[in-house]
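What follows is one structure encoded as structure tokens, with my remarks underneath.
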Amino acid sequence: MPIDAPQYNGIAATDYLRELLDLFENANIGIMVTRFDGAVRRANPAQRRIAGWAPSGAAEPSGAARPSARTLLGDDVWEQVTAAAVDGHTLHNLPVDLRRADGSTVAALLDANGDADGGVLRLVTRPAFRGSLPGPDEADTRAWHKQWSQTEVGPLLDGLGETAVTALTKELEDLFELLPVPLHGMARTAEVRRTNLIHLAFLGCADEPARFVGQNLLGIFAVEEDLVALGESMTVDNAILNYPTTIRRLDGTLLPMQVYSSTVTRDGEFVGTRCFLFFTDASDAPDGPLPFTAHPVPATVDGYRR
């Protein structure tokens with residue numbers, strides 16, 4: 001939701017940006033923004049990990065090529081991604097073999113959309129897990145989770161002036177509003193703090209966001225046993241990965257989806273969750289030309305470009 005949503009009234013601009021940065025930096029799925037030539041504008045730590053790229057701010061190994069989403073996906077998949085974006089369509093659950101920086105490959109699933117006018121592609125990648133966390137076969141998801149850590153994003157704000165804060169806020173707002181997968185941030189008291197356009201669309205309240213935003217989140221989970229398992233996983237492991245569940249839309253209809261989530265903590269205190277949903281069946285996703293235009297992504301924000 002935009003910055004003027006009621007739940008953000010009175011929140012300082014830097015605190016709001018800190019929340020956006022946390023959602024990006026500490027997600028347990030890969031998120032990146034690229035140009036149509038494959039140049040990476042921004043990639044979060046999970047994306048860099050799955051691609052085998054050096055962490056943000058670290059020097060690339062000597063002789064290593066600059067990270068390229070086109071190289072990562074391969075030319076054939078890249079052409080498919082860019083063609084869909086030009087047509088205003090979104091790709092969901094596309095199986096890909098990512099070509100990592102060390103020459104190895106890893107099976108993954110890709111969701112992608114883009115804005116041809118602004119030359120921007122939004123890509124979400126996740127390993128093609130066999131199991132789930134929680135789940136009876138969680139070996140691969142647990143191995144992925146053990147490499148995850150929550151980073152304090154406050155230092156990323158150090159030295160940013162008002163203009164840079166505004167520009168970076170708008171960039172991240174646009175990214176999350178237009179991301180190809182549903183997301184929501186939940187407060188400690190289980191109310192929805194923020195969500196995005198595709199989430200509202202599949203729930204059936206794109207024109208009435210207040211039917212979801214600010215409401216108790218738990219009602220959209222249709223299976224009580226799943227809620228218990230999810231709650232236990234967040235308490236014990238601080239994470240949910242690839243968990244199959246059933247989401248109840250606002251008209252009462254049910255939809256199978258996969259959940260990825262992680263806890264948000266501040267000063268050691270639990271303050272909420274950051275959650276991403278994936279459509280089990282890509283045909284269930286809202287698709288077609290996007291009814292909005294993204295703000296152009298600025299070339300740089302006080303050097304804070306990845």
Side-chain angles (χ1 to χ4, degrees), residues 23-24 26-33 43-44 46-47 49-51 73 77 80-81 84-85 89-98 106-114 121-135 137-138 140-142 144-145 148 175-186 192 194-204 212 217 220-223 226-227 229-230 233-234 237 239-249 253-262 273-288 290:
L23 187 61
F24 180 79
N26 291 318
N28 54 13
I29 58 169
I31 304 172
M32 64 177 159
V33 182
N44 73 346
Q47 178 61 58
R49 174 151 52 98
I50 195 173
L73 296 177
V77 173
Q80 186 176 355
V81 169
H89 287 82
T90 300
L91 299 175
H92 293 286
N93 298 341
L94 183 67
V96 294
D97 289 318
L98 301 181
V106 60
L109 296 173
L110 174 72
D111 292 69
N113 66 14
L121 293 169
R122 293 169 287 269
L123 304 161
V124 176
T125 57
R126 55 203 155 109
F129 293 122
R130 296 182 302 277
S132 65
L133 180 65
D137 180 12
E138 59 185 35
D140 54 354
T141 52
R142 188 167 292 280
W144 171 258
H145 175 57
W148 174 86
L175 169 61
F176 291 128
E177 283 288 283
L178 307 181
L179 204 68
V181 301
L183 69 88
H184 57 255
M186 186 192 78
V192 178
R194 72 175 305 114
T195 186
N196 65 351
L197 293 175
I198 190 172
H199 204 318
L200 296 175
F202 94 81
L203 285 178
F212 182 57
L217 169 71
I220 70 169
F221 290 92
V223 181
D226 287 353
L227 268 179
L230 295 173
S233 187
M234 292 298 278
D237 293 306
I240 299 163
L241 288 163
N242 199 41
Y243 187 81
T245 191
T246 303
I247 299 297
R248 179 185 292 112
R249 290 183 280 197
T253 57
L254 304 178
L255 196 66
M257 302 191 82
Q258 314 294 123
V259 182
Y260 288 68
S261 189
S262 52
T273 65
R274 56 185 87 75
C275 184
F276 299 83
L277 300 177
F278 293 85
F279 298 97
T280 301
D281 185 338
S283 66
D284 287 328
D287 201 5
L290 301 176

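Note that the structure is a prediction, hence the values are computed from the model and not measured.
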Run the side chain to side chain contact (heavy atoms under 4.5 Å, CB included) check on Val192 and Met186 step by step: do they pass?
-> CA-CA 5 Å; Val192 178; Met186 186 192 78; 5.9 Å; no
When the aromatic ring centroids of Tyr243 and Tyr260 are compared, is their separation below 6.0 Å?
-> no
Do Met257 and Pro182 touch side chain to side chain, with heavy atoms closer than 4.5 Å?
-> yes
Is the shortest heavy-atom distance from the side chain of His145 to the side chain of Asn28 under 4.5 Å?
-> no
Give, for atom SG of Cys275 and atom CG of Leu183, the distance between the pair rounded to the nearest 0.5 Å.
-> 9.0 Å
May I ask you to say whether Asp111 pairs ionically with Arg126, meaning some side-chain N is under 4.0 Å from a carboxylate O?
-> yes
Nearest 0.5 Å, what's the CZ-CG distance between Phe202 and Leu197?
-> 13.0 Å
Does the side chain of Thr280 pick up a donor-acceptor pair with the side chain of Gln258 at under 3.5 Å?
-> yes
Hey, does His199 have a side-chain heavy atom less than 4.5 Å from the side chain of Val181?
-> no
Heavy-atom side-chain proximity of Val124 to Phe278 below 4.5 angstrom = yes
Decide whether Thr245 and Asp226 meet the rule of one side-chain donor and one side-chain acceptor closer than 3.5 Å.
-> yes
To the nearest 0.5 Å, tell me how far Ile50 CD1 sits from Ile29 CD1.
-> 10.5 Å
Supply the atom-to-atom distance Leu94 CG to Leu109 CG, rounded to the nearest 0.5 angstrom.
-> 8.5 Å
Would you indicate whether Arg130, at its atom CZ, is surrounded by more than 12 heavy atoms from other residues, nucleotides or ligands within a distance under 6.0 Å?
-> no
Side chain to side chain contact (heavy atoms under 4.5 Å, CB included) between Leu255 and Thr246, worked out | CA-CA 6 Å; Leu255 196 66; Thr246 303; over 6 Å; no
Are any non-hydrogen side-chain atoms of Ile247 and Leu203 less than 4.5 angstrom apart?
-> yes
Note: Asn93 and Ala282 closest approach over all heavy atoms is ND2-N, 4.0 Å
